[in-house]
Amino acid sequence: MKPTELIWHNGEFKPWFEATTHVLTHALHYGSSVFEGVRVYDCLGQPKAFRMREHLQRMHDSARVYRMEIPWTVDELHRACCELTLRNGLDSAYLRPLAYRGYGSLGVAPHDPLPVDVAIAAIEWGAYLGEEAREKGARVCVSSWQRLAPNTVPAGAKAGGNYLSSQLISMEAHRLGYDEGIGLTTDGTLSEGAGENLFVVRDGELMTPPQSASILAGITRDSVIKLALDEGITVREQPMTRETLYLADELFFTGTAAEITPIASIDDLPVGRGHRGPMTKAIQDLFFGLFDGRTEDRHGWLEPLRGDDSRKGGVASAVA
Ligand code: PPE
């Protein structure tokens, strides 16, 4: 990770190394944080945010599940994200907004005084599972660790604590020589990758596990579903068995960090012909085409950071 100049922290733009917190911060002890990953793409020389408002709304939704009150509105966070990206001089970026129970008292149930602190970092982050995987596909295994069971820790809220599960899955995969691991639900159906949603291609149709399969309902997942439906491709959200993986024509991951990453093999069995298939390539072209104008942005997902008054150096209109 390469430091950028500024981090937004509780309303202030601070030098990167000064955005720190106390060691008795509640979230460090109990996992009580919620966060997002948002990308800004360089769209033919103009930085544009991809579905940023929806990401920030999801962060508010995640906080609501934990009865955590974020002291900034979606609009205020949106403005901060745009300004931070521009002030760091980035044309493309991965943004990491984070809200966490801060310093004040110890004890699991949060008691006063315990603020909810908010930070946003903007960094450069290339291909999540490596540049090569984006084309050739990742080597993936099914993890021996299952995903969070329903009514334990809610997978649909993007909370820091959920990523203990993701760490176990991903670390096991790396230890065994794979790029990434897939978690099954506690009843053994397909769930998702450690930090990605999963798509299966079979007979020209797309299938993906439903929200009830202990997944985070990804915004990239939703984008792929909508792009595919726009092209007349059938998409099913349905529970799937493990063997579906071994019988798939193609498999791919989606996520803000992972974007669209093909899966080349699953548990050492080649997926289809063992390299990126035509449907995955078509979905990648549709997705990445949004950022160079090859795909029409018919859902209004992209927003210029600067709005229309860029020549005046403002950051206002798109974020007002
Ligand atoms: N499932 C999980 C568990 C997950 O962490 C992500 C995103 C997704 C699905 C896809 O969601 P979306 O980004 O809305 O399409 N993971 C974030 C964090 C990755 C990390 O390693 O950090 C991300 O991609 O930003």
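Values below: all heavy atoms of this structure, side chains included; hydrogens, waters and symmetry mates excluded. Both counts, for ligands and for their atoms, begin at 1 and track the order of listing.
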Atom 19 (C) of ligand 1 has as its nearest protein heavy atom Tyr128 OH, 3.6 Å
Which class fits the ring pair His299 and Trp301: parallel under 30°, tilted 30 to 60°, perpendicular over 60°?
parallel
If you compare Glu192, Arg58, His55 by their heavy atoms, the one closest to atom 2 (C) of ligand 1 turns out to be Glu192
Note: Arg96, heavy atoms under 4.0 Å from ligand 1, region reported as side chain
Has ligand 1 got any nitrogen or oxygen that is less than 3.5 angstrom from a nitrogen or oxygen of Lys158?
yes
> Would you find more than 12 non-hydrogen atoms of other residues, nucleotides or ligands less than 6.0 Å from Arg67 atom CZ?
Replying inline: no
So for Glu36 against ligand 1, with non-hydrogen atoms under 4.0 Å, the contacting part is neither
protein heavy-atom neighbour closest to atom 14 (O) of ligand 1 works out as Ile219 N, 2.7 Å
Check your understanding: Is there a chain of hydrophobic side chains (I, L, V, M, F, W, Y, each step under 4.5 Å between heavy atoms) that links Met240 to Ile263?
Key -> yes
Using a strict threshold of under 4.0 Å (side-chain N to carboxylate O), is an ion pair present between Arg79 and Glu76? no
Subject >> Side chains of Asp267 and Cys141 in contact at under 4.5 Å (non-hydrogen atoms) >> reply: yes
message: Do Arg101 and Tyr30 form a cation-pi contact, if we require the NZ or CZ to be under 6.0 Å from the six-membered ring centre and within 45 degrees of the ring's axis?
response: no
Heavy-atom side-chain contact between Val224 and Asn197 under 4.5 Å: no
Practice task
Could you please spell out the steps behind the side-chain hydrogen bond (donor to acceptor under 3.5 Å, both in side chains) verdict for Thr244 and Thr241?
Solution key: CA-CA 6 Å; Thr244 311; Thr241 55; 3.1 Å; yes
The closest protein heavy-atom partner of atom 23 (C) of ligand 1 is Tyr94 OH, 3.5 Å
min-distance protein heavy atom vs atom 6 (C) of ligand 1 -> Gly195 O, 3.3 Å
Atom 13 (O) of ligand 1 sits nearest the protein heavy atom Thr256 OG1, 2.6 Å
Under 3.5 Å side-chain donor-acceptor pair for Tyr41 and Asp292: no
Does a salt bridge link Lys226 with Asp222, judged by any charged N lying under 4.0 Å from a carboxylate O? yes
Ranked by distance from atom 24 (O) of ligand 1, the top protein heavy atom is Ala257 N, 2.8 Å
In ligand 1, the atoms that come under 4.0 Å of a heavy atom of Gly218 are 11 (O), 12 (P), 14 (O), 15 (O)
Nearest non-hydrogen protein atom to atom 10 (C) of ligand 1, with distance, is Asn197 OD1, 3.6 Å
The answer for which part of Ala194 has a heavy atom under 4.0 Å from ligand 1 is backbone
ask   = Do ligand 1 and Thr220 have nitrogen or oxygen atoms that lie under 3.5 Å from each other?
value = yes
Note: Arg39, heavy atoms under 4.0 Å from ligand 1, region reported as neither
Using distance alone, determine whether Arg147 and ligand 1 share an N or O pair under 3.5 Å. no
